[in-house]
Asks: 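Let me give you the structure first, and then I'll get to my questions.
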Protein chains: 2
Amino acid sequence: MTTRQRRFPTREELRIWRDYTETGEAVRAAMSARLQQASGLSPGDYAVLLALSEATGNRMRSSELAATIGWERSRLSHHLGRMEKRGLIRREECLTDNRGAEVVLAPPGLELFQGANRPHLRDIREIFVDALTPEQIVAAGEISAALRAHLAKE
Amino acid sequence: MTTRQRRFPTREELRIWRDYTETGEAVRAAMSARLQQASGLSPGDYAVLLALSEATGNRMRSSELAATIGWERSRLSHHLGRMEKRGLIRREECLTDNRGAEVVLAPPGLELFQGANRPHLRDIREIFVDALTPEQIVAAGEISAALRAHLAKE
DNA sequence: CCAAGCTGATTGACGTGTCAATTATGCTCG
DNA sequence: CGAGCATAATTGACACGTCAATCAGCTTGG
């Protein structure tokens with residue numbers, strides 16, 4: 001019976017770990033560059049605009065928006081500040097809670113988002129879907145799920 | 001014969017794509033937090049210190065270091081500035097090329113790195129290796145390789 | 001009621017990353 | 001030789017993220 005509770009990863013496991021993280025980096029960088037190039041939007045901009053475009057009235061409470069895209073409040077606040085300066089969104093006072101703010105999709109933001117949407121989906125296909133076999137795509141989903149489940153357990 | 005040249009990813013492919021990127025994020029964040037907590041080092045710090053610790057004489061030309069860890073020069077330059085302020089490394093003039101700089105591992109940097117090393121490897125096992133079956137680990141390596149190869153082709 | 005505490009959101013400080021410009025030195029060819 | 005180009009590295013400006021602190025308005029229990 002071999003030791004099943006190894007203390008450290010093997011050389012091969014380490015190589016794959018590095019591969020996994022570095023590839024993630026590279027893929028993200030490539031997607032980000034294409035999005036930026038095609039539309040002038042960052043991945044963060046896209047996430048915000050996507051959520052707003054799907055909200056009823058194209059508006060959302062700030063904290064609701066943060067929950068939807070899974071960001072910390074302060075991160076969102078900083079990002080909204082930058083987006084507001086560029087005219088992509090507006091912030092309005094909330095009528096039902098004077099502390100609150102509503103984030104509203106501004107026309108230039110909607111337009112940029114709509115322009116970005118199809119190219120972005122195409123990029124996902126070109127960079128991710130087309131690179132893998134159908135079996136690998138399924139496996140990628142399973143691996144991601146396993147990693148997340150394991151993380152959540154800790 | 002079905003259309004093989006789909007324009008856009010399917011709903012399922014899109015779900016897996018989001019899973020893939022978000023999981024990568026989460027894994028990176030978890031590793032980063034543990035490293036920081038255990039040693040006060042960022043992943044960037046660790047990469048720099050690892051390369052230096054493996055270099056002969058614990059010193060390297062700045063551009064060689066950048067190539068080793070796959071960073072842009074300017075990124076490295078900024079990062080070395082911050083690490084130098086903390087006393088983790090020193091920068092010395094290069095004798096053979098007056099333009100060049102040598103990056104030298106300083107004792108506090110070596111000590112922090114050595115303290116971080118074993119816990120870091122253990123974290124890789126706990127977060128990555130232990131979360132996956134051996135087959136999934138192999139698959140993760142193949143998927144990463146396929147994505148990178150495809151990226152390189154573009 | 002109203003003080004104490006909770007919540008929504010912003011802010012400031014700082015680490016990190018990219019891009020373009022800059023500085024200074026090395027090198028090569030007419 | 002020396003003008004022009006290549007190379008090593010840094011810098012400045014700005015986008016992005018996190019953390020801790022702050023501020024204002026809501027809420028609630030004595």
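Lettering of chains follows the sequences in order, A, B, ..., and the numbering in each one begins at 1.
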Asks: Give me, pair by pair, the N or O atoms of the protein and of nucleotides 7-10 of chain D that are less than 3.5 Å apart, along with how far apart they are.
Replies:
{"unit_1": "D/dT7", "atom_1": "O2", "unit_2": "B/Arg99", "atom_2": "NH1", "d": "2.9"}
{"unit_1": "D/dA8", "atom_1": "OP2", "unit_2": "B/Arg73", "atom_2": "NH2", "d": "2.6"}
{"unit_1": "D/dA8", "atom_1": "O3'", "unit_2": "B/Arg61", "atom_2": "NH2", "d": "3.2"}
{"unit_1": "D/dA9", "atom_1": "OP1", "unit_2": "B/Arg61", "atom_2": "NE", "d": "3.1"}
{"unit_1": "D/dA9", "atom_1": "OP1", "unit_2": "B/Ala101", "atom_2": "N", "d": "2.8"}
{"unit_1": "D/dA9", "atom_1": "OP1", "unit_2": "B/Ala101", "atom_2": "O", "d": "3.0"}
{"unit_1": "D/dA9", "atom_1": "OP2", "unit_2": "B/Ser63", "atom_2": "N", "d": "2.7"}
{"unit_1": "D/dA9", "atom_1": "OP2", "unit_2": "B/Ser63", "atom_2": "OG", "d": "2.7"}
{"unit_1": "D/dA9", "atom_1": "N7", "unit_2": "B/Arg73", "atom_2": "NH1", "d": "3.3"}
{"unit_1": "D/dT10", "atom_1": "OP1", "unit_2": "B/Arg91", "atom_2": "NH1", "d": "2.8"}
{"unit_1": "D/dT10", "atom_1": "OP2", "unit_2": "B/Ser77", "atom_2": "OG", "d": "2.9"}
{"unit_1": "D/dT10", "atom_1": "OP2", "unit_2": "B/Arg91", "atom_2": "NH1", "d": "3.2"}
{"unit_1": "D/dT10", "atom_1": "O5'", "unit_2": "B/Ser77", "atom_2": "OG", "d": "3.2"}

Asks: For A/Gly44 and for A/Asn98, find the nucleotide of DNA chain D with the closest heavy atom, then tell me which residue's nucleotide is more 5'.
Replies: A/Gly44

Asks: Measure the distance from CZ on A/Arg86 to C1' on D/dC16 and round it to the nearest whole Å.
Replies: 12 Å

Asks: Do the side chains of A/Thr133 and B/Glu142 get nearer than 4.5 Å, heavy atoms only?
Replies: no

Asks: What's B/His78 touching, base or sugar-phosphate or nothing? Going by heavy atoms closer than 4.0 Å.
Replies: base

Asks: Apply the test side chain to side chain contact (heavy atoms under 4.5 Å, CB included) to residues A/Cys94 and A/Arg61: give CA-CA distance (whole Å), side-chain angles for both, the deciding distance (0.1 Å), then the verdict.
Replies: CA-CA 8 Å; A/Cys94 177; A/Arg61 285 293 294 274; 3.3 Å; yes

Asks: For atom CZ of A/Arg118, decide whether the heavy atoms of other residues, nucleotides or ligands shown that lie under 6.0 angstrom number more than 12.
Replies: no

Asks: Using whole Å, report how far CD of A/Glu72 lies from C1' of D/dA20.
Replies: 11 Å

Asks: What is the distance from CG of A/Asp45 to C1' of D/dC16, rounded to the nearest Å?
Replies: 10 Å

Asks: Before giving the answer on salt bridge (charged side-chain N to carboxylate O under 4.0 Å, His left out), spell out for B/Glu25 and A/Arg28 the whole-Å C-alpha distance, their side-chain angles and the decisive distance to 0.1 Å.
Replies: CA-CA 10 Å; B/Glu25 269 304 305; A/Arg28 168 179 0 280; 3.5 Å; yes

Asks: Given atom CD of A/Gln36 and atom C1' of D/dC16, what is their separation to the nearest angstrom?
Replies: 12 Å

Asks: Please say whether more than 12 non-hydrogen atoms of neighbouring residues, nucleotides or ligands are located less than 6.0 Å from CD in A/Glu111.
Replies: no

Asks: Under 4.5 Å between side-chain heavy atoms, hopping through other hydrophobics if needed: is there a path connecting A/Ile89 to A/Leu50?
Replies: yes

Asks: Verify the cluster assignment for B/Leu41 and B/Leu121: are they in a single hydrophobic cluster under the rule of side-chain heavy atoms below 4.5 Å apart?
Replies: no

Asks: Using a 4.0 Å cut-off to any heavy atom of chain A, which nucleotides of DNA chain C are the first and last in contact, reading 5' to 3'?
Replies: C/dT7 to C/dA13

Asks: Answer yes or no: does atom CZ of A/Arg86 have more than 12 heavy-atom neighbours from other residues, nucleotides or ligands under 6.0 Å?
Replies: yes

